[in-house]
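Remarks on the structure that follows.
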Amino acid sequence: MRRLSTIAEMTGREILRRRAVLFLLLLFPLPFYLLQRAEHPGQAIRFLFVGLSWAISGSAMFVAHSGRAIDPRLRLSGYRAHHLWMGRMSALWLIGTVVTLPYLALVVVDQPRVRHGALAVAMVLCVAVAAPFGLLLGAVVSREFEGTLLLLVTVGIQMVADPATTTARLMPFWSGREIGTYAIDHTDTGFLVRGVAHGLACALLFSLALAVVSALRLRRRRHLRTLPAN
Amino acid sequence: MIDDPDWLDVLAGELRLRGLPEDQVTRVLGETRAHLWDAGEDPARAFGTPSAYAAAVHESLGTPPIPARRKVVRAEAPRLQATGIGKRHGRHRLLHDVDLTVHAGEVAAIVGANGCGKSTFLRICAGVERAHAGRVVVRGSIGYCPQGGGTSDFLTPDEHFVLVGAGRGLGRDRSRGAGRALAEHLWWPRPAPIAAARLSGGTRQKLEVILTALGDPDVLLLDEPYQGFDRDSYMYFWDRVREWANEGRAIVVVTHLLDRLERADTVVDLTPSPHAAPGVRGRHHPKGTQPR
Amino acid sequence: MNAERHSQWLRGVLDLCVLSLLADGESYGYRLAQALEAAGLGTIRGGTLYPVLLRLERDGLISSRWGVGDAGPARKYYRSTPLGEGELRAAADEWSVFAARVGTMLEGVRQ
């Protein structure tokens with residue numbers, strides 16, 4: 001438990017010290033909302049979800065990249081792969097939740113007619129999905145630049161694709177859009193259920209994939225046998 | 001120089017490391033400071049190096065001194081045993097049939113030309129890179145110091161100590177204490193609370209070494225760990241290596257500085273031999289027969 | 001004079017010299033070093049002197065207290081204990097016997 005909490009703590013400290021990441025996290029989603037707010041208030045909320053997801057998964061990717069170099073050392077110092085990814089994910093979940101709060105407050109004040117409870121659920125799911133997605137991306141793609149491009153493509157498709165199509169449903173941040181429709185247009189609960197199920201499934205899937213990739217990357221190679229000290 | 005705070009700080013660390021109780025440390029420091037004030041002398045001139053003076057004080061106070069040289073018991077199973085290590089990069093054979101055996105209390109040096117696979121060999125010993133042939137048996141825990149990159153840009157030295165210490169099962173205070181004591185030993189008396197990215201190259205390298213030794217792993221694997229060290233730090237580093245060996249650790253150092261080889265018990269030269277078949281490497285020189 | 005031999009001789013008797021200086025009254029490290037130099041024993045480095053003082057104190061032959069002088073940091077003042085005075089008397093007798101024997105052996109070669 002101490003190992004996990006230490007990783008979470010140090011991840012938090014790293015993020016708070018990286019000005020660019022902090023800026024990305026705190027202010028990046030704002031224009032997504034403001035640009036559409038006047039003409040399409042509903043669309044603005046959906047874009048805000050995408051903006052939040054992008055900011056959090058981008059930060060998660062940076063965290064994963066800065067961890068790549070130190071991970072072998074940590075692994076040899078007594079950490080297991082799951083300490084590393086779970087610790088980082090917990091920190092990102094916590095920070096991500098804190099970041100969404102002012103945005104939730106903004107929408108609540110700005111748009112009293114939408115279902116605020118559903119809004120909160122959608123934001124929590126954004127955080128839950130974006131953190132493991134960004135960490136996974138950082139673990140699989142070795143260069144920050146390539147990872148950023150991939151993230152850009154993902155977010156772009158998510159924004160452009162019609163939420164009703166299969167393509168949109170296969171994208172990681174679909175749940176926000178679906179729950180957004182439920183919250184804004186007061187559609188039936190089917191939207192909410194589908195959105196929550198999609199979000200939970202994505203969070204679970206990415207976490208599992210992250211667990212597998214981390215364990216593979218940090219596995220002890222087979223030629224090495226360690227025995228207790230004599 | 002009336003009062004050299006660094007020298008006194010390092011002395012304090014050396015005294016603590018030898019297990020002197022805090023009140024004794026305070027008394028010795030007070031008396032030393034008074035002498036330097038009265039005499040107006042350079043501390044190194046009046047008292048020698050902090051470690052030598054600490055050893056003299058330690059001995060005078062009646063606790064047994066650290067043995068000059070630990071006897072290596074070769075009958076014991078070695079701490080690190082690599083046999084028949086082979087590594088290919090595509091069709092290029094980087095390492096072929098390399099052996100290395102290091103017992104508790106021994107220092108092994110890996111030497112060779114650039115690109116001959118020194119770092120790769122060390123990474124294979126640490127188990128972080130795959131070998132295509134051979135096996136490595138390690139008895140005990142491993143501390144591995146990569147050639148840069150084993151630290152985080154955004155964490156302070158103390159945070160690094162806590163991070164790596166927690167992995168080794170140490171609490172926050174013990175990690176910090178152990179890290180700072182090791183820092184004093186590498187001529188880095190007071191690690192400033194700034195992010196590692198802002199440390200100088202040599203200082204950051206000291207951090208790498210400290211993190212490797214933190215928590216007393218049984219086998220230390222160090223990849224050219226002294227880059228950017230000034231002359232004093234370099235000497236302190238090798239003193240430390242000797243002391244770690246005397247405490248029963250097994251140490252492997254990748255080095256290209258041949259003049260320091262007299263400090264190693266075993267030398268493995270990975271430079272390809274011109275007479276051997278192409279790609280055949282891994283000549284092993286026991287002490288005394290290494291090329292000068 | 002052969003410096004190494006001198007320092008070897010000194011190593012054997014430095015504790016006795018310190019004890020005899022302290023038999024005359026309380027003193028501290030730097031002043032003892034000056035007194036030893038004034039007595040013609042050469043420069044005694046702090047790195048040599050203080051371990052001797054620590055050893056004498058550990059063995060109960062001298063005792064110490066911290067005192068503040070008119071200037072500078074607090075100094076550690078040493079004085080001889082009864083045990084130390086007894087040790088000094090005994091050692092002084094042994095030394096004169098030893099020195100006399102060595103003197104006799106070397107008498108013949110002196111010009």
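Please read these numbers as outputs of a predicted model, since none were measured by experiment.
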Crowding at CZ, R79(C) (>12 non-hydrogen neighbours, <6.0 Å): no
Shortest non-hydrogen separation from P51(C) to A56(B) and the atoms involved: CG-CB, 3.8 Å
Residue pair Y28(C) / H35(B), side-chain heavy-atom distance below 4.5 Å: no
Between OH on residue Y30(C) and CD on residue E41(B), distance to nearest 0.5 Å: 7.5 Å
Distance in Å, L49(C) CG paired with E31(B) CD, rounded so as to fall on 0.5 Å steps: 8.0 Å
Which of G48(B), A34(B), A46(B) touches chain C most, by non-hydrogen pairs under 4.5 Å: A46(B)
Beyond-backbone contact of R75(C) with D38(B), side-chain heavy atoms, under 4.5 angstrom: yes
Validation row, ring centre Y50(C) to ring centre Y53(B) under 6.0 Å: no
A44(B), part contacting chain C, at a heavy-atom distance under 4.5 Å: backbone
Heavy atoms of other groups near R65(C) CZ, more than 12 under 6.0 Å: yes
Under 4.5 Å from a heavy atom of chain C, the part of R45(B) involved: backbone
Greater than 12 external heavy atoms within 6.0 Å of R174(B)'s CZ: no
